Amino acid sequence: VLTTDPDYGVVTLGRSSGEHVWRFERDGFLPVWRRQTLLRGAVRLVPNPRLVRRSDRLVQITSTGTKFIQDGTGALRLDFQFQQAGDHAAVRLTPVDGQTLPGLLPQGWSPMGAFWIESVDPALAANVSIRPPGTIAAGDAAALAKWNPGTVQWEVLSRVTGNGTNAVVRQIRDWGAYALVVADAGALAPPSVVEGAALPASVPPLQPAAVFSAVGTVEPVTSPASRV
């Protein structure tokens, strides 16, 4: 960080041109990443990171006791699976929304439910049930994606077939941040997803700078410069 504006809180990031990755964090909150390519002599705006407060509810999951965790509405629930008796983990579930995702989704995708599931214990597999706030039609392109902090991108965990506003159920095997995402349709539809690969971005079919031009006239053609 080079400068912080005292009135507006704007900070200047980056000392050189090229690709930069920033991680924003604060005690008690979940981290957010931003990536931007900087060019010498050009100003680029980095989308504001919004950090969500980490849930203070820690649930003890055991093979002989509590086997699930859910959010306050019941729209998000994780049912854990155990390989052997004695498996356990202290887990923390924090739902997030489109404004507080750990990283921006690629162009052409919208979130329909997202969360962090955290623990310092060895990972347990779980069936995740997400009831979307809107309709996901059977023909919609949808996927469950996992945030990869190492590559700073969303990666496709599995394809999803929608069933209206009914819950989507998929399995996860690790802690981290996950998002149920739905693709745009029509000209802005992204390419088909590949499980295990990065969530692909859509590419607009037209580049305005290359296909549009404008002409005009100015009256008067010349005018003396103002001295005011």
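Keep in mind that what you see is a predicted model, and the values were worked out from it rather than measured.
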Report yes if some heavy atom in the side chain of [X] is under 4.5 Å from a heavy atom in the side chain of [Y]; otherwise report no.
X: Asp71; Y: Pro95; answer: yes
X: Leu157; Y: Arg170; answer: no
X: Leu144; Y: Ile172; answer: yes
X: Pro47; Y: Leu104; answer: yes
X: Arg57; Y: Val59; answer: yes
X: Leu180; Y: Ile136; answer: yes

Okay, side chain of [X], backbone of [Y]: is any donor-acceptor separation there less than 3.5 Å?
X: Thr73; Y: Ala75; result: yes
X: Thr165; Y: Thr135; result: no
X: Ser129; Y: Ala167; result: no
X: Gln36; Y: Leu45; result: yes
X: Asn163; Y: Asn166; result: no
X: Asn148; Y: Gly150; result: yes

Point to revise | Residue pairs, two or more places apart or on separate chains, that pass salt bridge (charged side-chain N to carboxylate O under 4.0 Å, His left out) and touch residues 120-133 | key: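 For residues 120-133, and leaving out neighbouring residues, there are no salt bridge (charged side-chain N to carboxylate O under 4.0 Å, His left out) pairs at all.
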
Check your understanding: What residue pairs, at least two apart or across chains, pass salt bridge (charged side-chain N to carboxylate O under 4.0 Å, His left out) with a residue in residues 183-195?
Key ->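 Counting only pairs at least two positions apart or across chains, no salt bridge (charged side-chain N to carboxylate O under 4.0 Å, His left out) contact touches residues 183-195.
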
**Study point:** Carboxylate-amine/guanidinium contact Arg77 Asp79, below 4.0 Å
**Key:** yes

Heavy-atom pair with the smallest gap, counting every atom of [X] and [Y]:
X: Pro122; Y: Ala89; value: O-CB, 4.4 Å
X: Gly176; Y: Lys146; value: CA-NZ, 4.4 Å
X: Phe68; Y: Thr66; value: O-CG2, 3.4 Å
X: Pro191; Y: Pro200; value: O-CG, 3.4 Å
X: Pro102; Y: Ala177; value: CG-CB, 3.8 Å
X: Pro132; Y: Gly164; value: CG-O, 4.0 Å

Point to revise | Crowding at CZ, Arg26 (>12 non-hydrogen neighbours, <6.0 Å) | key: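 No, the 6.0 Å shell around CZ holds no more than 12 heavy atoms from other groups.
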
Review point. Around atom CZ of Arg35, are there more than 12 heavy atoms of other residues, nucleotides or ligands at under 6.0 Å?
Key: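 More than 12 within 6.0 Å, yes.
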
Out of curiosity, [X] [atom1] to [Y] [atom2], how far, rounded to the nearest 0.5 Å?
X: Arg50; Y: Asp97; atom1: CZ; atom2: CG; result: 8.5 Å
X: Leu76; Y: Ile130; atom1: CG; atom2: CD1; result: 6.0 Å
X: Ile61; Y: Ser119; atom1: CD1; atom2: OG; result: 9.5 Å

Practice item. Could you work out the complete set of other residues in the hydrophobic cluster of Val193, with links drawn between I, L, V, M, F, W and Y side chains under 4.5 Å apart? Key: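 Cluster partners of Val193: Val21, Leu30, Trp33, Val52, Val96, Leu101, Leu105, Trp109, Trp116, Trp147, Val152, Trp154, Val156, Val181, Leu199.
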
Review point. Listed by chain and number, what are the side chain to side chain contact (heavy atoms under 4.5 Å, CB included) partners of Phe24, not counting sequence neighbours?
Key: Leu13, Trp22, Arg34, Pro49, Leu51

Practice item. Could you list the residues that satisfy side chain to side chain contact (heavy atoms under 4.5 Å, CB included) with Asn48, not counting sequence neighbours? Key: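 In terms of side chain to side chain contact (heavy atoms under 4.5 Å, CB included), with neighbours along the sequence ignored, Asn48 is linked to no residue.
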
Review point. In terms of hydrophobic clusters joined by side-chain contacts under 4.5 Å, are Phe82 and Leu78 together?
Key: yes

**Study point:** Joint hydrophobic cluster, Ile117 plus Val32, side-chain heavy atoms closer than 4.5 Å
**Key:** no

Review point. Which residue pairs satisfy the side-chain hydrogen bond (donor to acceptor under 3.5 Å, both in side chains) criterion with at least one member in residues 81-95, sequence neighbours excluded?
Key: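 Of all non-adjacent pairs touching residues 81-95, those that pass side-chain hydrogen bond (donor to acceptor under 3.5 Å, both in side chains) are Gln81-Asn127, Gln81-Gln171.
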
Review point. Within 45 degrees of the axis of the six-membered ring of Phe80 and under 6.0 Å from its centre: does Lys67 put its NZ or CZ there?
Key: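 So Lys67 doesn't make the cation-pi contact.
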
